[in-house]
Protein chains: 2
Amino acid sequence: MRIGELSERTGTPRRLLRYYEEQRLIVADRSANGYRDYDEFYVDRVLQIRGLLEAGLPTRIIKQILPCLETTRTIHVLGATPEMIATLEREHQRMTERIQGLTRNRDAVAGYLATVRGEGRPDPTTPSPRAA
Amino acid sequence: MRIGELSERTGTPRRLLRYYEEQRLIVADRSANGYRDYDEFYVDRVLQIRGLLEAGLPTRIIKQILPCLETTRTIHVLGATPEMIATLEREHQRMTERIQGLTRNRDAVAGYLATVRGEGRPDPTTPSPRAA
DNA sequence: TCGAACCATCACACCTATGTGAAGGTCAAC
DNA sequence: GTTGACCTTCACATAGGTGTGATGGTTCGA
(Lines give C-alpha, C1' and ligand atoms only; values in the text may rest on other atoms or scores of the structure.)
Protein backbone atom coordinates (compact mmCIF):
# COMPACT_ATOMS: atom_id res chain seq x y z
CA MET A 1 0.00 0.00 0.00
CA ARG A 2 1.07 3.60 -0.46
CA ILE A 3 1.61 6.19 2.20
CA GLY A 4 -1.90 7.59 1.98
CA GLU A 5 -3.53 4.30 2.83
CA LEU A 6 -1.12 3.56 5.64
CA SER A 7 -1.74 7.03 6.97
CA GLU A 8 -5.45 6.52 6.95
CA ARG A 9 -5.40 3.05 8.40
CA THR A 10 -3.16 4.06 11.27
CA GLY A 11 -4.52 7.53 11.81
CA THR A 12 -1.04 8.90 11.38
CA PRO A 13 -0.20 11.97 9.31
CA ARG A 14 1.90 11.21 6.25
CA ARG A 15 4.43 13.64 7.56
CA LEU A 16 5.00 11.45 10.56
CA LEU A 17 5.31 8.27 8.55
CA ARG A 18 8.12 9.95 6.66
CA TYR A 19 9.56 11.13 9.92
CA TYR A 20 9.52 7.63 11.39
CA GLU A 21 11.29 6.47 8.29
CA GLU A 22 13.86 9.20 8.64
CA GLN A 23 14.37 8.02 12.21
CA ARG A 24 14.72 4.50 10.84
CA LEU A 25 11.82 3.07 12.74
CA ILE A 26 10.35 1.82 9.51
CA VAL A 27 11.70 1.21 6.05
CA ALA A 28 9.65 1.52 2.91
CA ASP A 29 10.11 -0.22 -0.38
CA ARG A 30 9.86 2.02 -3.38
CA SER A 31 7.87 1.31 -6.47
CA ALA A 32 9.23 2.19 -9.90
CA ASN A 33 7.87 5.71 -9.73
CA GLY A 34 9.52 6.43 -6.40
CA TYR A 35 6.38 6.10 -4.29
CA ARG A 36 6.76 4.42 -0.92
CA ASP A 37 5.29 0.94 -0.88
CA TYR A 38 4.32 -0.54 2.47
CA ASP A 39 3.61 -4.10 3.39
CA GLU A 40 0.46 -4.92 5.31
CA PHE A 41 2.74 -5.57 8.21
CA TYR A 42 3.35 -1.89 8.75
CA VAL A 43 -0.16 -1.17 9.92
CA ASP A 44 0.56 -2.99 13.15
CA ARG A 45 4.07 -1.75 13.32
CA VAL A 46 3.10 1.91 13.05
CA LEU A 47 0.41 1.43 15.65
CA GLN A 48 2.99 -0.08 17.92
CA ILE A 49 5.37 2.79 17.36
CA ARG A 50 2.66 5.24 18.20
CA GLY A 51 1.85 3.32 21.32
CA LEU A 52 5.43 3.47 22.46
CA LEU A 53 5.74 7.14 21.66
CA GLU A 54 2.54 7.74 23.51
CA ALA A 55 4.04 5.86 26.40
CA GLY A 56 6.84 8.36 26.36
CA LEU A 57 9.68 6.44 24.78
CA PRO A 58 11.86 8.40 22.38
CA THR A 59 12.32 7.17 18.83
CA ARG A 60 15.93 6.42 19.62
CA ILE A 61 14.92 3.74 22.10
CA ILE A 62 11.95 2.54 20.16
CA LYS A 63 14.28 1.78 17.30
CA GLN A 64 16.16 -0.55 19.59
CA ILE A 65 13.27 -2.39 21.10
CA LEU A 66 11.16 -2.73 17.98
CA PRO A 67 13.09 -5.66 16.55
CA CYS A 68 12.13 -7.62 19.65
CA LEU A 69 8.47 -6.90 19.34
CA GLU A 70 7.58 -8.54 16.09
CA THR A 71 3.83 -8.36 15.87
CA THR A 72 3.82 -11.77 14.28
CA ARG A 73 4.86 -12.92 17.73
CA THR A 74 7.81 -14.58 16.08
CA ILE A 75 10.35 -13.36 18.49
CA HIS A 76 13.65 -12.44 16.95
CA VAL A 77 16.13 -14.08 19.17
CA LEU A 78 18.87 -13.91 16.61
CA GLY A 79 21.32 -11.07 16.63
CA ALA A 80 20.79 -9.94 20.18
CA THR A 81 24.01 -8.20 21.09
CA PRO A 82 24.94 -7.74 24.75
CA GLU A 83 24.59 -3.97 24.37
CA MET A 84 21.13 -4.39 23.05
CA ILE A 85 20.14 -6.66 25.88
CA ALA A 86 21.52 -4.15 28.33
CA THR A 87 19.49 -1.41 26.72
CA LEU A 88 16.40 -3.53 26.92
CA GLU A 89 16.96 -4.28 30.56
CA ARG A 90 17.42 -0.62 31.33
CA GLU A 91 14.37 0.27 29.37
CA HIS A 92 12.33 -2.46 30.95
CA GLN A 93 13.31 -1.05 34.29
CA ARG A 94 12.38 2.46 33.27
CA MET A 95 9.04 1.32 31.92
CA THR A 96 8.28 -0.40 35.18
CA GLU A 97 9.12 2.68 37.18
CA ARG A 98 7.04 4.72 34.88
CA ILE A 99 4.11 2.43 35.28
CA GLN A 100 4.42 2.60 39.04
CA GLY A 101 4.63 6.37 39.09
CA LEU A 102 1.72 6.70 36.75
CA THR A 103 -0.34 4.25 38.70
CA ARG A 104 0.32 5.97 41.98
CA ASN A 105 -0.69 9.30 40.56
CA ARG A 106 -3.67 7.97 38.76
CA ASP A 107 -4.92 6.39 41.93
CA ALA A 108 -4.48 9.66 43.72
CA VAL A 109 -6.58 11.36 41.09
CA ALA A 110 -9.12 8.59 41.36
CA GLY A 111 -9.27 9.03 45.11
CA TYR A 112 -9.86 12.70 44.73
CA LEU A 113 -12.57 12.16 42.17
CA ALA A 114 -14.28 9.64 44.38
CA THR A 115 -14.30 12.12 47.20
CA VAL A 116 -15.63 15.08 45.31
CA ARG A 117 -18.19 12.97 43.53
CA GLY A 118 -19.38 11.53 46.81
CA GLU A 119 -19.52 14.93 48.50
CA GLY A 120 -21.97 13.74 51.13
CA ARG A 121 -24.50 12.11 48.82
CA PRO A 122 -22.67 9.45 46.78
CA ASP A 123 -22.98 9.51 43.03
CA PRO A 124 -24.73 6.28 41.98
CA THR A 125 -23.04 6.19 38.53
CA THR A 126 -19.60 5.98 40.04
CA PRO A 127 -19.32 3.82 43.13
CA SER A 128 -16.73 5.23 45.48
CA PRO A 129 -14.19 2.78 46.90
CA ARG A 130 -15.75 2.67 50.31
CA ALA A 131 -19.35 3.03 49.16
CA ALA A 132 -18.99 0.09 46.72
CA MET B 1 15.08 26.94 52.18
CA ARG B 2 16.59 28.61 49.15
CA ILE B 3 16.59 27.34 45.60
CA GLY B 4 19.97 25.67 45.88
CA GLU B 5 18.89 23.40 48.69
CA LEU B 6 15.61 22.54 47.05
CA SER B 7 17.49 21.79 43.87
CA GLU B 8 19.85 19.48 45.65
CA ARG B 9 17.23 17.73 47.70
CA THR B 10 15.03 17.04 44.71
CA GLY B 11 17.76 16.46 42.18
CA THR B 12 16.26 19.13 40.00
CA PRO B 13 18.28 21.82 38.22
CA ARG B 14 17.61 25.32 39.49
CA ARG B 15 16.67 26.27 36.02
CA LEU B 16 13.79 23.88 36.12
CA LEU B 17 12.57 25.04 39.50
CA ARG B 18 12.32 28.51 38.04
CA TYR B 19 10.63 27.08 35.01
CA TYR B 20 8.05 25.26 37.11
CA GLU B 21 7.39 28.50 38.89
CA GLU B 22 7.00 30.28 35.59
CA GLN B 23 4.48 27.61 34.63
CA ARG B 24 2.79 28.25 37.94
CA LEU B 25 3.25 24.74 39.26
CA ILE B 26 4.90 26.12 42.36
CA VAL B 27 5.00 29.50 44.01
CA ALA B 28 7.94 30.76 46.02
CA ASP B 29 7.96 33.27 48.81
CA ARG B 30 10.65 35.86 48.53
CA SER B 31 12.92 36.96 51.30
CA ALA B 32 13.88 40.59 51.73
CA ASN B 33 16.79 40.28 49.36
CA GLY B 34 14.65 38.82 46.61
CA TYR B 35 15.84 35.26 47.01
CA ARG B 36 13.23 32.54 46.62
CA ASP B 37 12.26 30.97 49.91
CA TYR B 38 10.71 27.53 49.86
CA ASP B 39 8.80 25.71 52.52
CA GLU B 40 9.76 22.15 53.40
CA PHE B 41 6.58 21.16 51.68
CA TYR B 42 8.03 21.81 48.27
CA VAL B 43 10.44 18.93 48.41
CA ASP B 44 7.56 16.51 48.06
CA ARG B 45 5.73 18.73 45.68
CA VAL B 46 8.62 19.03 43.27
CA LEU B 47 9.18 15.30 43.38
CA GLN B 48 5.56 14.82 42.55
CA ILE B 49 5.76 17.23 39.65
CA ARG B 50 8.75 15.42 38.28
CA GLY B 51 6.96 12.14 38.60
CA LEU B 52 4.05 13.45 36.62
CA LEU B 53 6.26 14.98 33.97
CA GLU B 54 8.15 11.74 33.78
CA ALA B 55 4.83 10.03 33.31
CA GLY B 56 4.28 12.23 30.33
CA LEU B 57 1.79 14.77 31.56
CA PRO B 58 2.33 18.32 30.36
CA THR B 59 2.73 21.11 32.90
CA ARG B 60 -0.58 22.52 31.78
CA ILE B 61 -2.41 19.47 33.09
CA ILE B 62 -0.19 18.97 36.08
CA LYS B 63 -1.12 22.43 37.20
CA GLN B 64 -4.72 21.36 37.27
CA ILE B 65 -4.34 18.10 39.09
CA LEU B 66 -1.79 19.20 41.64
CA PRO B 67 -4.27 20.91 43.94
CA CYS B 68 -5.97 17.56 44.35
CA LEU B 69 -2.83 15.78 45.29
CA GLU B 70 -1.79 17.45 48.48
CA THR B 71 1.02 15.41 49.87
CA THR B 72 -0.35 15.93 53.32
CA ARG B 73 -3.15 13.72 52.11
CA THR B 74 -5.53 16.45 53.13
CA ILE B 75 -7.63 16.31 50.09
CA HIS B 76 -8.79 19.65 48.83
CA VAL B 77 -12.39 19.12 48.11
CA LEU B 78 -13.18 22.78 48.09
CA GLY B 79 -13.27 24.70 44.89
CA ALA B 80 -13.66 21.81 42.52
CA THR B 81 -15.29 23.31 39.48
CA PRO B 82 -17.14 21.09 37.03
CA GLU B 83 -14.57 21.90 34.35
CA MET B 84 -11.83 20.79 36.64
CA ILE B 85 -13.56 17.56 37.45
CA ALA B 86 -14.09 16.93 33.78
CA THR B 87 -10.41 17.50 33.13
CA LEU B 88 -9.51 15.13 35.90
CA GLU B 89 -11.78 12.47 34.56
CA ARG B 90 -10.31 12.80 31.12
CA GLU B 91 -6.84 12.71 32.50
CA HIS B 92 -7.60 9.74 34.69
CA GLN B 93 -8.78 7.95 31.62
CA ARG B 94 -5.67 8.87 29.67
CA MET B 95 -3.45 7.77 32.49
CA THR B 96 -5.16 4.43 32.59
CA GLU B 97 -4.74 3.96 28.87
CA ARG B 98 -1.16 4.94 29.15
CA ILE B 99 -0.57 2.46 31.91
CA GLN B 100 -2.13 -0.28 29.85
CA GLY B 101 -0.11 0.52 26.78
CA LEU B 102 3.08 0.76 28.76
CA THR B 103 2.37 -2.47 30.55
CA ARG B 104 1.67 -4.32 27.37
CA ASN B 105 4.87 -3.17 25.81
CA ARG B 106 6.91 -3.71 28.89
CA ASP B 107 5.67 -7.26 29.11
CA ALA B 108 6.58 -7.79 25.50
CA VAL B 109 10.09 -6.60 26.25
CA ALA B 110 10.15 -8.83 29.31
CA GLY B 111 9.09 -11.77 27.24
CA TYR B 112 11.84 -11.14 24.78
CA LEU B 113 14.41 -10.81 27.51
CA ALA B 114 13.26 -14.02 29.11
CA THR B 115 13.66 -15.80 25.82
CA VAL B 116 17.10 -14.54 24.94
CA ARG B 117 18.33 -15.03 28.47
CA GLY B 118 17.03 -18.55 28.60
CA GLU B 119 17.98 -19.36 25.02
CA GLY B 120 16.63 -22.88 25.22
CA ARG B 121 17.25 -23.56 28.88
CA PRO B 122 14.93 -21.25 30.85
CA ASP B 123 16.46 -18.69 33.15
CA PRO B 124 15.38 -19.42 36.74
CA THR B 125 15.67 -15.75 37.77
CA THR B 126 13.08 -14.69 35.24
CA PRO B 127 10.17 -17.06 34.98
CA SER B 128 8.81 -16.96 31.47
CA PRO B 129 5.07 -16.32 31.12
CA ARG B 130 4.30 -19.88 30.09
CA ALA B 131 6.87 -21.50 32.39
CA ALA B 132 5.50 -19.81 35.50
C1' DT C 1 37.75 44.54 51.80
C1' DC C 2 38.06 40.89 48.87
C1' DG C 3 36.70 36.40 46.98
C1' DA C 4 33.66 32.58 46.88
C1' DA C 5 29.33 30.96 46.79
C1' DC C 6 25.08 31.93 46.62
C1' DC C 7 21.05 34.35 44.35
C1' DA C 8 18.50 37.15 40.51
C1' DT C 9 16.77 37.97 35.54
C1' DC C 10 17.19 37.58 30.68
C1' DA C 11 17.95 35.49 26.55
C1' DC C 12 19.50 32.59 23.24
C1' DA C 13 19.97 27.50 21.91
C1' DC C 14 18.71 22.64 21.61
C1' DC C 15 16.06 18.42 20.83
C1' DT C 16 12.05 15.84 19.68
C1' DA C 17 7.76 15.28 17.78
C1' DT C 18 4.95 17.67 15.07
C1' DG C 19 2.52 21.20 11.53
C1' DT C 20 2.54 23.30 7.11
C1' DG C 21 3.51 24.73 2.71
C1' DA C 22 6.12 25.26 -1.61
C1' DA C 23 7.64 23.24 -5.97
C1' DG C 24 7.26 19.63 -8.68
C1' DG C 25 6.54 14.40 -10.58
C1' DT C 26 2.93 10.41 -11.67
C1' DC C 27 -1.20 8.52 -12.93
C1' DA C 28 -6.05 7.50 -13.65
C1' DA C 29 -10.27 9.37 -15.44
C1' DC C 30 -12.78 12.33 -18.13
C1' DG D 1 -4.35 16.49 -22.86
C1' DT D 2 -5.94 18.47 -18.90
C1' DT D 3 -7.64 18.05 -14.21
C1' DG D 4 -7.29 16.24 -9.69
C1' DA D 5 -5.65 13.21 -6.41
C1' DC D 6 -2.00 11.18 -5.31
C1' DC D 7 3.11 11.09 -4.50
C1' DT D 8 8.07 13.19 -3.95
C1' DT D 9 11.72 16.27 -1.39
C1' DC D 10 12.96 20.34 1.02
C1' DA D 11 12.59 23.50 4.48
C1' DC D 12 11.07 26.49 7.71
C1' DA D 13 7.99 26.84 12.09
C1' DT D 14 6.20 25.67 16.73
C1' DA D 15 5.78 23.91 21.41
C1' DG D 16 7.47 21.89 25.58
C1' DG D 17 11.11 20.70 28.50
C1' DT D 18 15.71 21.67 29.11
C1' DG D 19 20.86 23.51 28.87
C1' DT D 20 23.85 27.32 29.29
C1' DG D 21 25.84 31.60 29.77
C1' DA D 22 25.93 36.66 30.44
C1' DT D 23 25.44 40.21 33.75
C1' DG D 24 24.83 41.70 38.15
C1' DG D 25 23.21 41.80 43.33
C1' DT D 26 23.83 39.66 48.28
C1' DT D 27 26.09 37.42 52.02
C1' DC D 28 29.68 35.61 54.55
C1' DG D 29 34.10 34.20 56.04
C1' DA D 30 39.32 35.04 55.62
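Just so it is clear: chains get the letters A, B, ... in the order the sequence lines come, proteins before strands, and each one is counted from 1.
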What is the distance, to the nearest angstrom, from the NZ atom on B:Lys63 to the P atom on D:dG17?
10 Å

Output the rounded distance in Å from CD1 (B:Ile3) to C1' (D:dT26).
15 Å

Quickly work out the B:Leu17 CG to C:dC7 C1' distance and round it to whole Å.
13 Å

Whole-Å distance, B:Asp29 CG to C:dA8 P, equals 13 Å

A:Tyr19 vs C:dA17: side-chain N/O to OP1/OP2 distance below 4.0 Å
yes

Starting at CZ of A:Arg30 and ending at C1' of D:dT8, how long is that distance when rounded to a whole Å?
8 Å

Just by distance, with hydrogens left out, do A:Arg15 and A:Tyr20 show a side-chain donor and acceptor under 3.5 Å apart?
no

Tell me whether the side-chain N/O atoms of B:Arg36 come closer than 4.0 Å to OP1 or OP2 in C:dC7.
no

Under 4.0 angstrom between A:Thr59 side-chain N/O and C:dA17 OP1 or OP2:
yes

Length of the line joining B:Glu21:CD and D:dG17:P, which is rounded to integer Å
16 Å

Name the nucleic acid region contacted by B:Arg60, choosing base, sugar-phosphate or nothing; use a 4.0 angstrom heavy-atom cut-off, strictly under.
nothing

Between C:dA17, C:dG19, D:dG17, which nucleotide gets closest to the side-chain atoms of A:Pro58?
C:dA17

Round to the nearest Å and state the distance from B:Arg18 atom CZ to D:dG21 atom C1'.
13 Å

From the list C:dC7, D:dT18, C:dT18, which nucleotide is the closest neighbour of the side chain of B:Arg14?
C:dC7

Pairing of A:Arg9 and A:Glu40 as salt bridge, 4.0 angstrom limit:
yes

Residues B:Thr96 and A:Arg106: side-chain donor-acceptor under 3.5 angstrom:
yes

So, does A:Asn33 get its side chain near the phosphate of C:dC27, meaning an N or O under 4.0 Å from OP1 or OP2?
yes

Is it true that A:Glu21 and A:Arg30 make a salt bridge, defined as a side-chain N closer than 4.0 Å to a carboxylate O?
yes

Could you work out which one of C:dA8, D:dT8, D:dT18 sits closest to the side chain of B:Tyr35?
C:dA8

To the nearest Å, how far apart are B:Ile62 CD1 and D:dG17 C1'?
11 Å

Polar contact flag, side-chain donor to acceptor under 3.5 angstrom, B:Gln93-B:Glu97
yes

Taking 4.0 Å as the cut-off, does a side-chain nitrogen or oxygen of A:Arg2 come that near to OP1 or OP2 on D:dC6?
no

Let's see if you can work this out: which of C:dC12, C:dG19, C:dA8 has an atom nearest to the side-chain heavy atoms of A:Arg15?
C:dG19

